[in-house]
Amino acid sequence: MSEAPSQPPNSGVKSMDAIMALCKRRGFIYQASEIYGGINGFWDYGPLGAQMKKNLRDAWWEDIIMLPCGGAKGPDGEPVSIVPLETCIIQHPKVWEASGHLSGFSDPMVDCRETKARYRYDHVQVFVPAGGAPTEKPSFAYISDTPSEAKQRKKAEKTLGAVKSVLLMEIPTDQWSRIVAPDAEKVGTLTEPKQFNLMFKTYVGATASEDDVAYLRPETAQGIFVQFKNVVDTTRVKVPFGIGNIGKSFRNEVTPRNFTFRSREFEQMELEFFCHADQAREWYAFWKKQRMEWWRSLGLAGDNLRLRDHQTDELAHYAKAGAGVCDIEYRFPFTAPGFGELEGVAHRGNFDLTQHEKHSRIKMQFHDKDRGELLPNGQRKGEWYTPDCIEPAAGLDRGVLALICEAYTVDPARPSPEFMKFHPRIAPIKAAVYPLRNKDGLPEIAEKLHADLQKKYGRLGAIEYEAKQNIGKRYARMDEAGCPFCFTIDADTPTAGTVTVRDRDTGNQERIGIDKVVAFLGEKLGV
RNA sequence: GCGGGCGUAACUCAAUGGUAGAGUAUCAGUUUUCCAAACUGAAUGUUGAGGGUUCGAAUCCCUUCGCCCGCUCCA
């Protein structure tokens, strides 16, 4: 695949090339449009991958929405309340204006290395000597109608005498080393202009005029905020409660890389949990803990999973004053020894609801009847407020990739030196039923057991049946697919009524009654 | 976006500018039956794509697409 230096032996780091090869070989993940040479940043899921991804999506849906946190109580001592929502990929363009996604991301921008400020390239102007003669002295950039204009003019006149103003665009970038950025002290801190079209643009309607521009959503979260009022008005939810939303999002990444880790089309599982600002800290801590436990429960246990709190200087605009932001990170083979983000848990304050209230002029507050002063009749007066929001936002594709990387195991001593240790809940194939011999009535018994298992558990994942080839080969195939259990009908089955159960991870076998197989598998699958 | 590396069958890889091949995997059959056994046979390629040089290109040149690595980017 590549000539990249392989990891040193015994480093404990798995080979990403080998994982990608297995993913293709067994039908987990294919390159999108591969027969046409592929398309950068897009991936398709094969039969096993599609089932596995559904299993992970279902696990989130079940554990976040249907039975939040397994029935655990929230910090307020009450059961956690979550409702589902499914919102559109294309929203009104004003949604992205309000959220801040649109401003500054459809035009070329320049960054200031000193102040970290970002300016629209076509808005930046520069004070240069009025004569226009080349000079070694610094010139001064500013944005008109901002405080930087007067400040920079003063500095420029002091340094250069008479000045005139030109657009930054008119000055070649190789002369930018003498420019002082609008809010900077030093010269030469502006980066070259870059296009940041992170959002995919499209047109609504068949005429495709510039008036019809719309965008594919870069996150699912905004759909929740936009429908917050409808959910509050039409259901009986009371703060604190959450809204969960799963779906595709799109970002025109500058550099899609690392298999499915950074792709341009990806699926998110986002929860926005609304609570009163007074309780934000408790709920933030609660969700941090819950989300870590959830990933652990699916097999990402151990050192490869960690929780990392963001430093103050990397906090997003909406989170400066909040309870915090953290990432749940996984040590992917391509990030090792570092980590890559799997899920972000953020206290967003009430930034989003406030923004949408401003832009739509629709009141986004919640009337909380359990707050406010106590009335003589024993009830509360009630209080209007814009709830704060805790956002655990997970990447579904990244989750699948992490589970694949974690499950991938190499053991040269085995007939199948590579195998996938999927948690039974995630495994795309739940079990296989094999007659040891393809005769003597064994296939008939196996087919019956296969039908029983399929009827009972076929909705959760595939149940395999195969009578051909020797048994070792069939086991090996299931090892690579990550199937946790193989039930084998052998010569003793017709007389003793027992089958063998082969455990994928150990290769060990035990005999159980054929009438116990359905219950055995149900217990292992946790259903 | 910049720099480097690499593209041959599903996978791993061969093939001096001169008939595109092997092993594995897949499929069918025989035999065997608890860990990728053996035998027989089948199918599989616009050599990433498009141009050029040449009597002749997987091989040399150009363009482009994709993948990997390092920068950059990632509100």
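Below, chains carry the letters A, B, ... as their sequence lines are ordered, and counting in each starts from 1. Please read all numbers here as calculations on a predicted model, not as lab measurements.
Distance noted for atom P between B:A37 and B:G23: 16 Å (whole Å). For the P atoms, the distance from B:A42 to B:U24 is 16 Å, rounded to whole Å. Using atom C1' as the reference point in both B:U32 and B:C13, the two lie 32 Å apart (nearest Å). Taking atom C1' in both B:G45 and B:A15, the straight-line distance is 14 Å, to the nearest Å. B:U59 and B:A14 have their C1' atoms separated by 13 Å, given to the nearest Å. Taking atom P in both B:A9 and B:G5, one finds a spacing of 22 Å when rounded to whole Å. Rounded to whole Å, the C1' atom of B:C6 lies 37 Å from the corresponding atom of B:C35. With C1' as the reference atom, B:A43 and B:G4 are 40 Å apart, rounded to whole Å.
Defined by atom type and a distance below 3.5 Å, a donor-acceptor pair is missing between the side-chain atoms of A:Glu464 and A:His450. Judged by distance alone, the side chains of A:Glu341 and A:Tyr330 never bring a donor and an acceptor atom under 3.5 Å apart. A:Gln469 and A:Glu466 form no side-chain donor-acceptor contact under 3.5 Å, judged by distance and modelled atom types alone. In the model, A:Gln31 has no side-chain atom that pairs as donor or acceptor with a side-chain atom of A:Asp44 under 3.5 Å.
The partner of B:G3 is B:C69, by the rule that a Watson-Crick or G-U pair needs both atom distances under 3.5 Å. When both pairing distances are held under 3.5 Å, B:C39 makes a Watson-Crick or G-U pair with B:G29. B:A9 is unpaired under the Watson-Crick or G-U wobble criterion, no partner having all donor-acceptor distances under 3.5 Å. Applying the Watson-Crick and G-U wobble criteria (two distances, each under 3.5 Å), B:U53 pairs with nothing in any strand.
Of the two residues contacting RNA chain B, namely A:Thr488 and A:Gly41, the nearest-nucleotide position lying further toward the 5' end is that of A:Thr488. Mapping A:Ile489 and A:Glu34 onto RNA chain B by nearest heavy atom places A:Glu34 at the nucleotide closer to the 5' end.
For A:Pro218, the listed nucleotide lying nearest its side chain is B:A75; candidates were B:C34, B:C11, B:A75. Closest approach to the A:Gln31 side chain among B:G29, B:C67, B:A36 is made by B:C67 (side chain taken as heavy atoms from C-beta onward). Taking only side-chain atoms of A:Leu436, from C-beta outward, the nucleotide of B:G66, B:G29, B:C34 with the closest atom is B:C34. If you check B:C69, B:U32, B:C34 against the side chain of A:Gln509, the one that comes closest is B:C34. Checked against B:U33, B:A75, B:C69, the side chain of A:Arg437 finds its nearest nucleotide in B:U33. Residue A:Trp43 has its side chain nearest to B:C67 when only B:C67, B:C69, B:C35 are considered. Checked against B:A36, B:C34, B:C68, the side chain of A:Met20 finds its nearest nucleotide in B:C68. Of the candidate nucleotides B:G66, B:C11, B:A36, B:C11 has the atom nearest to the side chain of A:Lys24. Of the candidate nucleotides B:C67, B:G29, B:C34, B:C34 has the atom lying nearest to any side-chain atom of A:Ile471. Minimum atom distance to the side chain of A:Gln469 is reached by B:C27, of the listed B:C34, B:A75, B:C27.
Within 4.0 Å (heavy atoms only), A:Gly46 reaches no atom of the nucleic acid at all. As judged by a 4.0 angstrom heavy-atom cut-off over every strand, A:Asn258 is placed among residues touching the sugar-phosphate backbone only. As judged by a 4.0 angstrom heavy-atom cut-off over every strand, A:Phe259 is placed among residues touching the sugar-phosphate backbone only. Heavy atoms of A:Glu341 sit nowhere under 4.0 angstrom from any nucleic acid atom. Residue A:Arg477 is in sugar-phosphate contact alone, with no base atom involved, counting any heavy-atom pair closer than 4.0 Å across all strands shown. Among the heavy atoms of the strands lying under 4.0 Å from A:Arg26 is at least one base atom, whether or not backbone atoms are also near.
Under 3.5 Å, the side chain of A:Tyr475 and the base of B:C34 form at least one donor-acceptor pair of N or O atoms. For A:Arg474 against B:C35, a side-chain-to-base donor-acceptor contact under 3.5 Å is absent.
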Please determine whether salt bridge (Lys or Arg N to Asp or Glu O under 4.0 Å) holds for the pair A:Asp309 and A:Lys288, giving the CA-CA distance in whole Å, both sets of side-chain angles, and the decisive distance to 0.1 Å. CA-CA 10 Å; A:Asp309 288 307; A:Lys288 266 168 84 167; 2.9 Å; yes
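For A:Lys468, a side-chain nitrogen or oxygen approaches OP1 or OP2 of B:G29 to under 4.0 Å.
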Strictly under 3.5 Å: I want the nitrogen or oxygen pairs between protein and nucleotides 37-43 of chain B, one per line.
residue	atom	partner	partner atom	Å
B:A37	OP2	A:Asn470	OD1	3.2
B:A37	OP2	A:Asn470	ND2	2.0
B:A37	N7	A:Asn470	ND2	3.1

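A salt bridge does not link A:Lys248 to A:Glu267: none of the charged side-chain nitrogens sits closer than 4.0 Å to a carboxylate oxygen. Taking the charged nitrogens against the carboxylate oxygens, A:Arg502 and A:Asp479 do have a contact shorter than 4.0 Å, which makes a salt bridge.
Ring planes of A:Phe274 and A:Phe225: perpendicular class, angle over 60° (limits at 30 and 60°). Using bins of under 30°, 30° to 60° and over 60° for the plane-to-plane angle, the ring pair A:Tyr434/A:Tyr475 lands in the tilted bin.
If you measure from atom CD of A:Glu418 to atom P of B:A36, you get 16 Å, rounded to the nearest angstrom.
A:Asp490 places none of its side-chain heavy atoms less than 4.5 Å from the side chain of A:Val499.
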